[in-house]
**Q** 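After the structure tokens below, expect a handful of questions from me.
Every value quoted in this text rests on a predicted model; they were computed, and no experiment measured them. Hydrogens, waters and symmetry mates play no part in the numbers below; they use all other heavy atoms, side chains included. Chain naming here is simple, since letters A, B, ... match the order of the sequence lines and numbering starts at 1 in each.
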There are 2 protein chains.
Amino acid sequence: MKTKDKILKEALRLFNERGLSQVGVREIARSLDISVGNLSYHFPKKEDLIMELLSQIRMANDARYEEYFEGRASLGRFLGTFRQIMENQYRYRGVFLGHDEINQVIKKHFDYLSIEEKRRKFFHRIYTDLAKAGELKLAEGDIEFLISFITLFGRFWMMEASISFTDKSKEEIIDHYMGLLKKQLGLFV
Amino acid sequence: MKTKDKILKEALRLFNERGLSQVGVREIARSLDISVGNLSYHFPKKEDLIMELLSQIRMANDARYEEYFEGRASLGRFLGTFRQIMENQYRYRGVFLGHDEINQVIKKHFDYLSIEEKRRKFFHRIYTDLAKAGELKLAEGDIEFLISFITLFGRFWMMEASISFTDKSKEEIIDHYMGLLKKQLGLFV
DNA sequence: GTCTATACAAGGATAGAC
DNA sequence: GTCTATCCTTGTATAGAC
């Protein structure tokens, strides 16, 4: 195996273990028993290393989608493809995962699991009340689904906006995401 | 205004401008014409500063929810409350926003808007085909909704999992999120 | 092409004087 | 409460050996 490939492999292993921002080039080099300069020769910047890993993910995902398009359109096949994509994302989780500054702080200072628990109970109460008041028609499992939706949604809408809607105003962005939430809840009215 | 409050205010302003990881303590200090040591006196670690901002958000959000619970349960009131929460999150966007290492790299090296565009067209094709094949029943606006759902979902499920399901296995996690996707699409079968 | 050694800048953190 | 000086780590760059 070439040094370049060894570096990519070990870097991904370390990133998956502790996250992108927590693993420095020195550590990758040390872990492989090579010098920093050597690593710099193959990947002048840490960025270049990350770019290479991102390209690997992209290629793997594209291949899965191409396979899908070669067959007939079916919900089952689509769900199967999407699961493969998710498996692939998981394989490279260290590249994406929330090991940035803010997540470090939250995990260190808050008991996040109990906050999360509280958060879910909270929405459970809100939706149960809405169902009792006849504002929502909820069957078995619907509440859990809506809770999962809104926790993910409420946490990440702004991150997505910062990526996808760089040119939009605050009002436009919030209107867009409020529209999604309304539509989602509207399915249960 | 006390130095401590001035620091918090200026830090948030700078974070909103360029993101948490791009603003150092030296810059915050310089911007206020105080010394780094002085800043360190009020907030020994950058973490402490972030924690304080996070607490402010939490308190503001909690207040909104308490107001909601004081009134009667209605969809309209809930949506109104949620919008206020979103406005509040936006006010503190710099604390959360994707200015971590990976986002920097992506924004620098990829034409992200056109990739995003392609991604949406892609899912548009998939869902249109599924509708034509009779696998999904989609009315006006449903496709756009499902696309928005799956782009946000596909990008952030793993981040949420790393926060909420730290004790679960890969299979359990993927099963959970696949369940969400199935349920969502099942609403249009 | 492959690697080592070394230097430099920037950022977080802290000790000690006033 | 505020400041100066200093330390350590991390990303980055490069001269030069083999």
Side-chain angles (χ1 to χ4, degrees), chain A residues 1-54 94-109, chain B residues 1-54 94-109:
Chain A
M1 198 188 243
K2 284 188 178 166
T3 306
K4 190 162 186 171
D5 295 321
K6 277 192 218 165
I7 293 171
L8 284 169
K9 193 179 167 187
E10 184 64 8
L12 180 58
R13 194 184 68 76
L14 290 168
F15 290 160
N16 282 349
E17 219 173 83
R18 288 203 308 293
L20 204 56
S21 59
Q22 300 308 298
V23 179
V25 287
R26 281 173 182 78
E27 183 181 357
I28 300 170
R30 190 175 352 112
S31 186
L32 284 167
D33 253 306
I34 63 173
S35 70
V36 185
N38 189 3
L39 198 152
S40 279
Y41 167 73
H42 292 286
F43 301 97
K45 303 187 177 192
K46 191 179 174 186
E47 252 180 47
D48 300 314
L49 217 176
I50 298 169
M51 279 294 296
E52 191 63 37
L53 290 173
L54 282 174
V95 181
F96 301 107
L97 237 45
H99 297 282
D100 53 349
E101 219 172 347
I102 181 67
N103 280 288
Q104 303 283 343
V105 177
I106 290 178
K107 286 210 173 184
K108 187 169 170 187
H109 292 272
Chain B
M1 198 186 241
K2 285 188 177 166
T3 306
K4 189 160 184 170
D5 294 320
K6 277 193 218 164
I7 293 171
L8 283 169
K9 193 179 169 188
E10 184 65 9
L12 180 58
R13 195 184 68 75
L14 291 168
F15 290 160
N16 282 349
E17 217 174 83
R18 287 203 310 294
L20 203 57
S21 60
Q22 300 308 299
V23 179
V25 286
R26 280 175 180 77
E27 184 181 356
I28 300 170
R30 190 175 352 110
S31 187
L32 285 167
D33 253 308
I34 62 173
S35 69
V36 187
N38 190 2
L39 197 153
S40 280
Y41 167 74
H42 291 287
F43 301 97
K45 302 190 177 191
K46 192 180 174 185
E47 254 181 44
D48 299 315
L49 217 176
I50 298 169
M51 278 294 298
E52 191 62 38
L53 290 173
L54 282 174
V95 181
F96 301 107
L97 235 47
H99 295 282
D100 52 349
E101 217 172 348
I102 181 68
N103 280 289
Q104 304 283 344
V105 177
I106 290 178
K107 287 211 172 182
K108 186 169 171 186
H109 290 272

**Q** Based on the rotation axes of five pairs at each end, what angle does the helix from C:dG1-D:dC18 to C:dC18-D:dG1 bend through, to 10°?
**A** 10°

**Q** Not counting sequence neighbours, list each pair that qualifies as a salt bridge (charged side-chain N to carboxylate O under 4.0 Å, His left out) and has a residue in residues 31-43 of chain B.
**A** none

**Q** Are any non-hydrogen side-chain atoms of B:K2 and B:H42 less than 4.5 angstrom apart?
**A** no

**Q** Return a table of donor-acceptor pairs under 3.5 angstrom between the side chains of residues 5-14 of chain B and protein atoms on other chains or two or more places apart.
**A**
residue, atom, partner, partner atom, Å
B:E10, OE1, B:R13, NE, 3.2
B:E10, OE2, B:R13, NE, 3.4
B:E10, OE2, B:R13, NH2, 2.8
B:E10, OE2, B:S31, OG, 2.5
B:R13, NH1, B:E17, OE2, 3.0

**Q** For A:E47 and B:H42, take the nucleotide of DNA chain D holding the closest heavy atom to each; which residue's nucleotide lies nearer the 5' end?
**A** B:H42

**Q** Who pairs with B:E27 by side chain to side chain donor-acceptor pair (under 3.5 Å), at least two apart in sequence or on another chain?
**A** B:R18

**Q** Among residues at least two apart in sequence or on other chains, which ones pass side chain to side chain contact (heavy atoms under 4.5 Å, CB included) with A:E47?
**A** A:K45, B:V105, B:K108, B:H109

**Q** With 3.5 Å as the limit, what N/O pairs link the protein to nucleotides 5-11 of chain C?
**A**
residue, atom, partner, partner atom, Å
C:dG11, N7, B:R26, NH1, 3.4
C:dG11, N7, B:R26, NH2, 3.4

**Q** Rounded to the nearest 0.5 Å, what separates atom CG in B:L97 from atom CG in B:N16?
**A** 8.5 Å

**Q** Just so I know, are the side chains of B:L49 and B:I28 near enough to count as touching, which here means a heavy-atom distance under 4.5 Å?
**A** yes

**Q** Identify the two heavy atoms, one from A:L20 and one from A:K46, that lie closest to each other, and give their separation to 0.1 Å.
**A** O-NZ, 3.0 Å

**Q** Whether B:K4 engages the ring of B:Y41 as a cation-pi pair (distance to the six-membered ring centre under 6.0 angstrom, angle to the ring normal within 45°) should be assessed.
**A** no

**Q** Please identify the 5'-most and 3'-most nucleotides of DNA chain D with any atom under 4.0 angstrom from a heavy atom of chain B.
**A** D:dG1 to D:dT4

**Q** Measuring from B:F96:CZ to B:I50:CD1, what's the distance to the nearest 0.5 Å?
**A** 11.0 Å

